[in-house]
Amino acid sequence: MTQISNRDVERLLKNISTLLEIKGETRFRVNAYRNAAESIAQAGGDLKDLVEKGDLNDLPGIGKAIGDKITEYVNTGKLDYYDKLCEEVPEDLLTLSDLPGMGPKRVKAVWEKLGITDIRGLKKAAQDQRVQELEGFGPKIEEKILEALDQKKKSVSDQRYSLGDAWFQAQRIIAKLKKDPSVIKISAGGSVRRMKASVGDVDILVASDRPEDVMDLFTSMKETEKVLLKGSTKTSVKVENGMQVDLRVVEPACWGTALQYFTGSQEHNVKMRELSLKKGFSLSEYALSPVKEGQDMFFEKESDLYRYLGLQWIPPELRESWGEVEMAKQNRIPQLVSLSDIKGDLQSHSDWSDGRNTLYEMARTAYANGLEYLLVTDHSSGLGIAHGISGSKLMEQVEEIERINSEFNDSFRLLKGIEVEVKSDGTLDLNENVLKELDIVVAGIHSSLRQERKRITDRYLATVQNPLVHILAHPTGRLIGSREETDVDWDQVFRAAAENRTLLEINSNPMRLDLPGRLIRRAREFGCLFVINTDAHSTEDLNHLIFGVGTAGRGLLTKEDVLNTSSGGNVLSYIKDKP
DNA sequence: GCCGTTTTCGGCCCGACTGTTTTCAGTCG
């Protein structure tokens, strides 16, 4: 029988929600399925375990009805309810609702009035100008549909970008707008501010008394390729690389509520607004307004708004509606680890394997960035494509590292390490005698990631239980947008890692961000300890630490949960004490 | 369909912009 993953269930629930919406079902039921899908996406544990234990209802937004459906789907790989639904509402309509501007009402209209159920039919009808004849449609909407269908061919639709690309794009635009005197305050919002692993568009918020000036400046930037929509307070453009950037301008007095609103996530905002209603207020991006009568309240700072509603300020990284609002109510949000807490970096590559820079260049940059230590972890020879180095070559590198360290004073040192390859049988491709010469051993699993679940779980277990291994690198192996997480029984691996004091890496490379937040939260429950590393392959990559710190924040980690917030001496003594 | 430290029944976020309209529905975030 095929294994049903959390992702499969999430997709199924989302599809049900969309089909119900097209069918014209009440929006509350539609939302219930959407919320349940979102809840699954945030869940750290494996649904199969929850089903087995009968604990599905512990997840927010999952009650009896949806819980039963998940159970049936996970156990049998099928869901009768869904098959019946598809008989009523053709499943292919889902592809239509992916198109921009095509919401449930319009999909329903082309389906019922024109008998269209798929992309091809829609394209034909639009080309024949039959779509614009429908009530509520017109030539412009028809044109938009054709345009979207053309782009779809190039698979531009639903494109997401790495956090790195989006973050740097946001910084560039902010730096540019900041120079203008009409801009009083400016900040990134949305998923960039939340440090989400993938970003659909860049959101920027500005406080200004002259919104038109800011809009004009924004649309006339040389980066702006096309203006998608332009209003008095909200403008969207496409920039050179195809990325969409939304700009919102508010009065300075609204900054706190506006930044809260514009940071999201949408689900977090819904929670906040529901909570406000319970306290007798309606919350918008402009103000907190008493439902009955009284003066609107304005907040210049986000933290003032949260406090007024009886909550701790919630760091943006946590605002995904997985339970953070309830935590804030109970004052249980800890002080998250910050970039300035990080004292060293425990994974980096040089030109001895697949890195671009020399050991000395890497050391100098790490030192200039304020780090106290940098672990050199070139690939071992097992990873052929990365020009891995052999045992004897490694001993030469150790000598070179000692020579370089003598050029620095006591405030910085390179540490001797390796990213040793874990072979498909779970053994390492360097022998014990070589590994024992090193300060710290990082183990990486780069090949045979599609092994059957039981087999690859055993391989992970062998790795974290190996007394020679100190750090498990980029555990899930995901490459954002191109490779899914490896299917592993994480609970077993996290338990073994905690027992064996093996450190779990949070890899800061924007293509990895691995472990992801929800699995960090899970691992933390098992008592695991973490390290935040850049995995830099060049001096520039050493700047990626901020993304790893953001990801750690999404996993609720404090300074104490992260070993490389300690001095090099403390790190080495922890390593020495490993059983 | 879910949820509850004011509710086990009666609620369920809020506003901007576009394109279709003669005052608003649909979509989006």
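Residue numbers begin at 1 in each chain, while the letters A, B, ... track the order of the sequences. Computed from a predicted structure; not experimentally measured.
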Exercise. Quick one: A:Leu275 CG to B:dC12 P, roughly how many Å, whole number?
Worked result: 15 Å
Exercise. Quick one: ring-ring contact (aromatic ring centres under 6.0 Å, His included) partners of A:Tyr81, sequence neighbours excluded?
Worked result: none
Problem set entry | P atoms of B:dC9 and B:dC14, separation to the nearest Å | 25 Å
Exercise. Expressed as a whole number of Å, how far does the C1' atom of B:dG1 sit from that of B:dT5?
Worked result: 24 Å
Quick test: give all pairs of protein nitrogen or oxygen and nucleotides 5-9 of chain B nitrogen or oxygen below 3.5 Å, distance rounded to 0.1 Å.
none

For this session: Using atom NZ of A:Lys140 as one end and atom P of B:dC17 as the other, report the distance to the nearest whole Å.
Result: 16 Å
Exercise. Base, sugar-phosphate alone, or nothing: which one does A:Ser276 contact when heavy atoms must sit under 4.0 Å apart?
Worked result: nothing
Problem set entry | Heavy-atom closest contact (A:Lys222 atom, A:Glu240 atom, distance) | O-OE2, 4.5 Å
Exercise. Using the purine O4'-C1'-N9-C4 or pyrimidine O4'-C1'-N1-C2 torsion, is B:dT22 syn (within 90° of 0) or anti?
Worked result: anti
For this session: Scan nucleotides 23-29 of chain B nucleotide by nucleotide, 5' to 3', and note B when protein non-hydrogen atoms come under 4.0 Å of the base, S if they reach only the sugar-phosphate, - if neither.
Result: ---SSSB
Side-chain donor/acceptor pairs under 3.5 Å, residues 19-26 of chain A, sequence neighbours excluded:
unit_1  : atom_1 : unit_2  : atom_2 : d
A:Glu21 : OE1    : A:Arg34 : NH2    : 3.3
A:Lys23 : NZ     : A:Glu88 : OE1    : 3.4
A:Glu25 : OE1    : A:Arg29 : NH1    : 3.3
A:Glu25 : OE2    : A:Arg29 : NH1    : 3.4
A:Thr26 : OG1    : A:Phe28 : N      : 3.2

Exercise. Taking the same atom, C1', in B:dC17 and in B:dG11, what whole-Å distance lies between them?
Worked result: 29 Å
For this session: Determine the contact category for A:Ser236: base if any of its heavy atoms lies under 4.0 Å from a base atom, sugar-phosphate if only primed atoms, P, OP1 or OP2 are that close, otherwise nothing.
Result: nothing
Exercise. Using the C1' atom in both, what is the distance from B:dC3 to B:dT7, to the nearest Å?
Worked result: 10 Å
Problem set entry | Length of the line joining A:Glu274:CD and B:dC13:P, which is rounded to integer Å | 5 Å
Exercise. Once you round it to whole Å, what is the distance between C1' of B:dG19 and CD1 of A:Ile145?
Worked result: 12 Å
Seminar exercise, completed: Rounded to the nearest 0.5 Å, the CZ atom of A:Arg521 sits from the CZ atom of A:Arg518 at a distance of 9.0 Å
Exercise. Mind checking what makes side-chain contact (heavy atoms from CB on, under 4.5 Å) contact with A:Glu72, not counting sequence neighbours?
Worked result: A:Thr76, A:Leu79, A:Asp80
Problem set entry | Position toward the 5' end of DNA chain B (nearest nucleotide), A:Ile66 or A:Ser284 | A:Ile66
For this session: Please state how far atom CD in A:Glu326 lies from atom P in B:dC3, giving the value in whole angstrom units.
Result: 11 Å
Seminar exercise, completed: Mate of B:dT8 across any strand shown (Watson-Crick or G-U wobble, both atom pairs under 3.5 Å) is none
Exercise. Hey, does the side chain of A:Tyr286 come within less than 4.0 Å of B:dC13's phosphate (OP1/OP2), counting only N and O?
Worked result: no
Exercise. Do any pairs count as a side-chain hydrogen bond (donor to acceptor under 3.5 Å, both in side chains) and have a residue in residues 55-65 of chain A, sequence neighbours left out, and if so which ones?
Worked result: A:Lys64-A:Asp68
Exercise. Sequence neighbours excluded, which residues qualify as side-chain contact (heavy atoms from CB on, under 4.5 Å) partners of A:Gln312?
Worked result: A:Ala328, A:Asn331, A:Ile333
Seminar exercise, completed: Rounded to whole Å, CD of A:Glu267 lies from C1' of B:dC13 at a distance of 12 Å
Exercise. What distance, rounded to whole Å, do you find between the two C1' atoms, one in B:dC12 and one in B:dA16?
Worked result: 22 Å
Exercise. Sub-3.5 Å donor-acceptor pair from the side chain of A:Ser182 to the main-chain atoms of A:Asp213, do we have one?
Worked result: no
Problem set entry | Pairwise C1' distance for B:dT20 and B:dC13, with rounding to whole Å | 26 Å
For this session: Starting at atom CZ of A:Phe281, determine the distance to atom C1' of B:dC14, rounded to an integer number of angstrom.
Result: 17 Å
Seminar exercise, completed: In short, ring pair (Phe, Tyr, Trp, His ring centres under 6.0 Å) pairs touching residues 253-292 of chain A with sequence neighbours left out are A:Phe281-A:Tyr308
Problem set entry | Strand-adjacent residues in residues 15-44 of chain A, judged by heavy atoms under 4.0 Å from DNA chain B | A:Phe28, A:Arg29, A:Ala32, A:Tyr33
Exercise. For A:Phe137, which residues count as a ring-ring contact (aromatic ring centres under 6.0 Å, His included) partner, sequence neighbours excluded?
Worked result: none
For this session: Could you work out the separation of B:dG10 and B:dG15 based on their P atoms and round it to a whole Å?
Result: 27 Å
For this session: Look only at the side chain of A:Lys113 and the backbone of A:Leu134, and say whether a donor-acceptor pair between them is shorter than 3.5 Å.
Result: no
For this session: Go through the structure and list residues passing ring-ring contact (aromatic ring centres under 6.0 Å, His included) with A:Tyr33, not counting sequence neighbours.
Result: none
Exercise. Given atom CG of A:Leu247 and atom P of B:dA16, what is their separation to the nearest angstrom?
Worked result: 15 Å
Problem set entry | Pairs touching residues 260-274 of chain A that satisfy salt bridge (Lys or Arg N to Asp or Glu O under 4.0 Å), sequence neighbours left out | A:Arg273-A:Glu285
